K.L.:
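Structure in C-alpha cells, see below.
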Amino acid sequence: MKIAIQGFEGCFHQVAAQGYFGKQIEIECCASFAELVKKTKQQPDVDAGIMAIENSIAGSILPNYSLIKNSGLHIIGETYLQINQHLMVLPGQTMEDLREVHSHPMALLQCMDFLEKYPHIKLVETEDTALSAKHVRQKKLKSTAAIAGKLAAEIFELDIIAPNIHTNKNNYTRFLAVSRTPVATAEDANKASVYFQTSHDRGSLAKVLTQIAVAGINLSKLQSFPIPAKEWNYYFHADMEFDNAAHFEKALEKIAPLTEHLKVLGIYKKGKTH
C-alpha cells in the first residue's frame, strides 16, 4: 500500500502510518495537510492517508476537521501515538561537541527543560523534526544535533545520545486514517465520526445531545465550527463511542429530524496506542 503522510521520511506521521497499516507500506510525503487530502483523493496510486487530528497537550488541529469534512474522504480508522523526542547526532559526536540543535519549533519547546541545561547551545528552528535529522546526516553536520523520533535516527543512521528529552511524558497525538472509499463496517466497530448542523433555535443542540445520551452513546469529542455564510451559526463534529453499532444507528434515527444536515464521516474501531 502507498499511504500519504504530512511531513518527511522518518516523521511521526510515518510512524503512525506504520502502526496502523503495517511496516511494509510505501509513503507519499506531503508538504501540507491540504496536499495530503488532495493526493489521497485524486492520486490513483495512493491507497489512503493518515493525518493528525488532535494532540493531548496542544489540542485539536482545527483546520484538519474542515479539510476532511469538505474533501469527501471517509474516515476508516484511527491510531494514537506517544510522541517521544530524542537528541541525535552523527556517530562519534558527544554532548560536549554540540554547538547547535535543529528541530521544529514545537519539538524545541517540548524539550526546553532539557535544552536550558546547555545555554551555550544555539537552538535553530526548522520546518520538520525528521528533515532536521536528514540534514545532519546529508550535510555531515558535526557539532550539530537534531531532535526527532526514533525512526528518523534509524533511517538516517544517527546516534541517540539523549533519549526521551521531552518535558511532558504524556504527549499523545491522535491520527485519522482516511480513504476515497469507505470500508465495510466491521462487527467490532465501536466508534463513529459525524458532522451535523442544527438550527439557531434555543435548545436545538441540547435536544441532539440528549438523544445521543439516551441511546447509550459516549460523546468523546464535540467540536464546533462557524458557518461562514451564516453569522453565529455553527456546525459540529462529533466522535461517538458505543458498545453496539445498533445503538449508534438508533441515535442517528433520533437526531436526524433534529438537525438541518447530518453526515457520517466514518464508522470504525477505536484506535490503539503505539
Side-chain angles (χ1 to χ4, degrees), residues 16 20 33 37 49-81 170-179 181-273:
Y20 185 82
F33 288 111
V37 166
I50 197 131
M51 58 192 299
I53 197 70
E54 60 181 319
N55 177 265
S56 59
I57 297 174
S60 298
I61 306 174
L62 296 179
N64 287 3
Y65 287 92
S66 297
L67 278 173
I68 293 173
K69 168 183 173 291
N70 297 327
S71 69
L73 294 174
H74 303 271
I75 298 173
I76 59 173
E78 66 175 6
T79 187
Y80 294 81
L81 181 66
N170 295 307
N171 183 9
Y172 296 87
T173 296
R174 178 188 176 211
F175 296 80
L176 294 178
V178 294
S179 175
T181 55
V183 296
T185 302
E187 292 183 3
D188 56 354
N190 55 9
K191 192 170 184 178
S193 294
V194 307
Y195 82 81
F196 62 89
Q197 180 183 339
T198 63
S199 69
H200 199 43
D201 298 332
R202 182 179 298 175
S204 59
L205 176 59
K207 291 176 182 177
V208 172
L209 300 183
T210 297
Q211 291 301 322
I212 292 173
V214 169
I217 303 294
N218 175 38
L219 192 64
S220 59
K221 183 76 175 182
L222 183 66
Q223 188 73 54
S224 64
F225 298 88
I227 301 173
K230 297 181 178 180
E231 296 84 358
W232 311 117
N233 277 244
Y234 299 85
Y235 76 85
F236 300 89
H237 176 104
D239 290 331
M240 305 182 189
E241 298 179 3
F242 43 85
D243 296 323
N244 190 318
H247 294 166
F248 173 66
E249 296 297 336
K250 182 180 178 181
L252 288 182
E253 292 178 7
K254 293 292 185 180
I255 67 176
L258 304 174
T259 61
E260 295 183 351
H261 297 286
L262 175 65
K263 182 178 180 180
V264 178
L265 298 172
I267 304 174
Y268 49 94
K269 187 176 179 181
K270 188 176 179 180
K272 297 179 179 179
T273 299

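Model, not experiment: these values are computed from the prediction. FYI, the numbering just counts along the sequence from 1.
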K.L.:
Could you tell me the separation between the CD1 atom of I53 and the CD atom of E78, rounded to the nearest 0.5 Å?
P.N.:
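Going from CD1 on I53 over to CD on E78, the span is 10.5 Å.
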K.L.:
Looking at N55 and Y172, would you say the former's side chain and the latter's main chain have a donor-acceptor pair under 3.5 Å?
P.N.:
yes
K.L.:
Check whether any side-chain heavy atom of T198 lies under 4.5 Å from a side-chain heavy atom of F236, and answer yes or no.
P.N.:
yes
K.L.:
If we only count heavy atoms from C-beta on, is the L265 to H237 side-chain gap below 4.5 Å?
P.N.:
yes
K.L.:
For K263, give me all partners under salt bridge (Lys or Arg N to Asp or Glu O under 4.0 Å), at least two apart in sequence or on another chain.
P.N.:
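Result, salt bridge (Lys or Arg N to Asp or Glu O under 4.0 Å) vs K263: none returned.
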K.L.:
Show your working on side-chain contact (heavy atoms from CB on, under 4.5 Å) between L209 and L222 and close with a plain yes or no.
P.N.:
CA-CA 10 Å; L209 300 183; L222 183 66; 4.0 Å; yes
K.L.:
Rounded to the nearest 0.5 Å, what separation is found between the OH atom of Y20 and the CD1 atom of I76?
P.N.:
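If I round to the nearest 0.5 Å, the distance is 5.0 Å.
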K.L.:
How far apart are the C-alpha atoms of K207 and D201, what are their side-chain angles, what is the distance that settles it, and do they pass the salt bridge (charged side-chain N to carboxylate O under 4.0 Å, His left out) test?
P.N.:
CA-CA 11 Å; K207 291 176 182 177; D201 298 332; over 6 Å; no
K.L.:
Going by heavy atoms in the side chains, are F225 and L62 under 4.5 Å from each other?
P.N.:
yes
K.L.:
Report the residue from K270, M240, E241 that forms a side chain to side chain contact (heavy atoms under 4.5 Å, CB included) with S220.
P.N.:
E241
K.L.:
After noting the C-alpha distance and the side-chain angles of F242 and H247, does the key distance pass the ring pair (Phe, Tyr, Trp, His ring centres under 6.0 Å) rule?
P.N.:
CA-CA 7 Å; F242 43 85; H247 294 166; 8.3 Å; no
K.L.:
S60: what forms a side-chain hydrogen bond (donor to acceptor under 3.5 Å, both in side chains) with it, not counting sequence neighbours?
P.N.:
K221, Q223
K.L.:
Any chance you could measure L258, atom CG, to Q211, atom CD, to the nearest 0.5 Å?
P.N.:
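L258 atom CG to Q211 atom CD measures 6.0 Å (nearest 0.5 Å).
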K.L.:
Could you tell me which residues satisfy side-chain hydrogen bond (donor to acceptor under 3.5 Å, both in side chains) with Y235, sequence neighbours excluded, listed by chain and number?
P.N.:
S66
K.L.:
Could you report the tightest heavy-atom contact between N170 and S56, atom names first, then the distance?
P.N.:
O-OG, 3.3 Å
K.L.:
If only atom types and distance count, is the side chain of S193 paired as donor or acceptor with the main-chain N or O of G266 below 3.5 Å?
P.N.:
no
K.L.:
Is the closest side-chain heavy-atom distance between V264 and F248 below 4.5 Å?
P.N.:
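Touching, per the 4.5 Å side-chain cut-off.
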K.L.:
Provide the closest heavy-atom pair for I50 versus A16 in the form atom of the first, atom of the second, distance.
P.N.:
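Closest heavy-atom pair between I50 and A16: CD1-O, 4.0 Å.
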K.L.:
Please check if the side chain of D188 supplies one atom and the backbone of K269 the other of a donor-acceptor pair under 3.5 Å.
P.N.:
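Checked: no pair found.
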K.L.:
Looking at every non-hydrogen atom in both residues, tell me the closest pair between V208 and I255 and how far apart they are.
P.N.:
O-CG2, 3.7 Å
K.L.:
What do you reckon, is CG of N233 surrounded by more than 12 foreign heavy atoms closer than 6.0 Å?
P.N.:
yes
